[in-house]
Amino acid sequence: MEILGSLKGKIIVSVQAMPDEPLYKEECMFGMIQSVVNGGAGGLRVAGARDVRNAKTLSLPVIGLTKPEKLPPNWKEIVYITPGLKEVQALIDAGADIIAFDGTSRPHNGCSLEEIIDLIHSSGRLAMADISTLEEGVDCANLGADIISTTLAGYTLESGEPTEGPDYELLEKLVKTVNKPVILEGRIWEPSEVKKAFDLGAHCVVIGSAITRPQLITKRFIEESK
C-alpha cells in the first residue's frame with residue numbers, strides 16, 4: 001500500500017504503442033519512458049513484459065497490462081486488457097508493481113475476476129480494475145481490487161458512446177461509492193482537466209495519448225485547425 005500512497009496526487013503516464021507503429025521498437029519505447037520520467041511522471045503504465053522490465057529499471061511505480069498485437073473489429077465487445085491468468089503471471093514475472101486488468105463483467109479467458117485478483121494478491125502485487133460503468137467498479141471493489149480506474153468508460157457496449165472529454169460523472173460517482181482509490185483515465189488533453197479530476201477526488205490521473213502518441217497529437221492539431 002506504500003505504492004498507493006506514493007501515487008496520490010500524481011500523474012501517471014501511459015507509454016504504449018501497437019506493434020505496427022514506429023514507436024513500438026524497444027529502444028523507442030524505452031526512450032519515451034525515460035523522457036516522461038524526466039518530465040516528472042509519478043508512475044508509468046506500460047503494456048507487455050518487455051516494457052514492464054525496462055520501466056522497472058527506473059525508480060517509479062509500474063502498472064503493467066497486456067494487449068493483443070492488433071485489436072479486432074469487435075474490440076468494444078470483448079475483453080482484451082490482461083484477459084486471463086497467463087497474462088497476469090507474465091506481468092508478475094516481469095516485475096510489475098500493479099497489474100491492470102479488464103474489470104468488466106464480460107467473459108474473461110477461462111477464469112473469473114476473483115481468480116485474477118487472487119493471483120495478483122498472492123504475488124504481493126496490487127490489482128487495478130479497468131472498468132467502464134459504476135456497477136463494474138462496485139463489483140471489482142467488492143471482489144478486492146485495490147484500485148478502480150475509469151479506463152474503459154466509453155469503450156464498451158455497456159458504457160455507451162464516449163463523452164467529449166474525461167468521464168467526470170463516472171469518476172464522481174465512483175469516488176462517492178467505492179472505498180478504494182479511484183483513477184481517472186481516458187480522453188485527457190488539457191492540464192485543467194487534470195486539476196478538475198483531483199478536485200473531484202481522483203487519487204491520481206493517467207494520461208496517455210496527449211503525451212505519448214505523436215500521430216494522435218498531430219491529427220488533433222490538424223483537425224482543430226480546419
Side-chain angles (χ1 to χ4, degrees), residues 4-5 7-14 16 41-45 47 61 63 65 67 71 74-83 98-108 113 116-117 126-213 216-217 219-220 223-224:
L4 275 178
L7 289 173
K8 186 170 178 58
K10 299 290 181 65
I11 291 177
I12 297 168
V13 179
S14 177
Q16 297 180 44
L44 299 162
R45 178 174 163 115
I63 301 169
L65 64 140
K67 282 184 177 179
L71 292 182
N74 66 333
W75 59 270
K76 270 199 166 189
E77 305 170 22
I78 64 168
V79 168
Y80 60 86
I81 295 177
T82 321
I98 301 169
I99 311 294
F101 60 93
D102 182 306
T104 70
S105 57
R106 300 172 299 180
H108 288 64
L113 283 173
I116 287 176
I117 294 169
L126 296 174
M128 175 174 167
D130 289 346
I131 57 87
S132 69
T133 67
L134 175 62
E135 293 73 22
E136 292 163 358
V138 171
D139 288 344
C140 285
N142 289 339
L143 288 173
D146 303 290
I147 307 165
I148 309 298
S149 178
T150 64
T151 311
L152 290 171
Y155 301 115
T156 66
L157 294 180
E158 292 76 11
S159 59
E161 291 301 311
T163 54
E164 182 68 25
D167 197 329
Y168 293 120
E169 183 179 351
L170 178 58
L171 169 66
E172 199 166 7
K173 288 179 179 178
L174 286 167
V175 168
K176 291 178 179 178
T177 307
V178 302
N179 189 27
K180 298 292 175 74
V182 179
I183 291 178
L184 179 71
E185 180 174 2
R187 300 181 296 280
I188 299 166
W189 286 96
E190 306 293 342
S192 59
E193 294 171 335
V194 176
K195 184 180 184 305
K196 182 174 179 179
F198 288 133
D199 289 343
L200 291 174
H203 186 80
C204 51
V205 172
V206 173
I207 304 175
S209 297
I211 296 174
T212 61
R213 302 299 292 277
L216 298 181
I217 298 168
K219 183 179 179 182
R220 180 168 177 257
E223 289 182 347
E224 292 192 7

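Only heavy atoms go into these numbers, but all of them, side chains included; no hydrogens, no water, no symmetry mates.
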Point-to-point distance, once rounded to the nearest 0.5 Å, from [atom1] of [X] to [atom2] of [Y]:
{"X": "S149", "Y": "F101", "atom1": "OG", "atom2": "CZ", "value": "11.0 Å"}
{"X": "L143", "Y": "I116", "atom1": "CG", "atom2": "CD1", "value": "10.5 Å"}
{"X": "N74", "Y": "L157", "atom1": "CG", "atom2": "CG", "value": "9.0 Å"}
{"X": "L71", "Y": "I78", "atom1": "CG", "atom2": "CD1", "value": "7.5 Å"}
{"X": "L134", "Y": "L171", "atom1": "CG", "atom2": "CG", "value": "11.5 Å"}
{"X": "L113", "Y": "C140", "atom1": "CG", "atom2": "SG", "value": "5.0 Å"}

Apply the test salt bridge (charged side-chain N to carboxylate O under 4.0 Å, His left out) to residues R45 and E185: give CA-CA distance (whole Å), side-chain angles for both, the deciding distance (0.1 Å), then the verdict. CA-CA 11 Å; R45 178 174 163 115; E185 180 174 2; 3.5 Å; yes

Short side-chain to backbone donor-acceptor contact, [X] and [Y], under 3.5 Å:
{"X": "K180", "Y": "I147", "value": "no"}
{"X": "S159", "Y": "G154", "value": "yes"}
{"X": "S132", "Y": "T156", "value": "no"}
{"X": "H203", "Y": "G201", "value": "no"}

So which heavy atom on [X] is nearest to which on [Y], and how close?
{"X": "L4", "Y": "D146", "value": "CD1-O, 4.2 Å"}
{"X": "P61", "Y": "L7", "value": "CG-CD2, 3.9 Å"}
{"X": "A100", "Y": "T82", "value": "O-OG1, 2.6 Å"}
{"X": "I148", "Y": "A145", "value": "CD1-CB, 4.1 Å"}
{"X": "G137", "Y": "L174", "value": "CA-CD2, 4.0 Å"}
{"X": "V175", "Y": "A202", "value": "CG2-N, 4.4 Å"}

Considering only heavy atoms from C-beta outward, does the side chain of [X] approach that of [Y] to under 4.5 Å?
{"X": "I63", "Y": "M128", "result": "yes"}
{"X": "I12", "Y": "I207", "result": "no"}
{"X": "L152", "Y": "D102", "result": "yes"}
{"X": "V194", "Y": "I188", "result": "yes"}
{"X": "I217", "Y": "R220", "result": "no"}
{"X": "V79", "Y": "T104", "result": "yes"}
{"X": "I131", "Y": "T151", "result": "no"}
{"X": "F198", "Y": "L184", "result": "no"}

Does the side chain to side chain donor-acceptor pair (under 3.5 Å) test come out yes or no for S192 and E190, once each step is laid out? CA-CA 5 Å; S192 59; E190 306 293 342; 5.6 Å; no

Between K76 and E158, is there a side-chain N and carboxylate O pair less than 4.0 Å apart?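 Between E158 and K76 there is no salt bridge, as every charged N stays at least 4.0 Å from the carboxylate O atoms.
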
Does the distance from a Lys or Arg side-chain N to an Asp or Glu carboxylate O, for R187 and E164, drop under 4.0 Å?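 Between E164 and R187 there is no salt bridge, as every charged N stays at least 4.0 Å from the carboxylate O atoms.
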
Can you label the angle between the Y80 ring and the W75 ring as parallel, tilted or perpendicular, going by 30° and 60°?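 Aromatic pair Y80/W75 classed perpendicular.
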
Above 12 or not: heavy atoms from other molecules or residues under 6.0 Å from CD of E169?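 No.
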
List the steps and the verdict of side chain to side chain contact (heavy atoms under 4.5 Å, CB included) for T133 and L170. CA-CA 7 Å; T133 67; L170 178 58; 5.5 Å; no

Please determine whether side chain to side chain contact (heavy atoms under 4.5 Å, CB included) holds for the pair E136 and D139, giving the CA-CA distance in whole Å, both sets of side-chain angles, and the decisive distance to 0.1 Å. CA-CA 5 Å; E136 292 163 358; D139 288 344; 5.6 Å; no

Face-on cation placement of K196 at Y168 ring, 6.0 Å and 45° thresholds: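 So K196 does make the cation-pi contact.
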
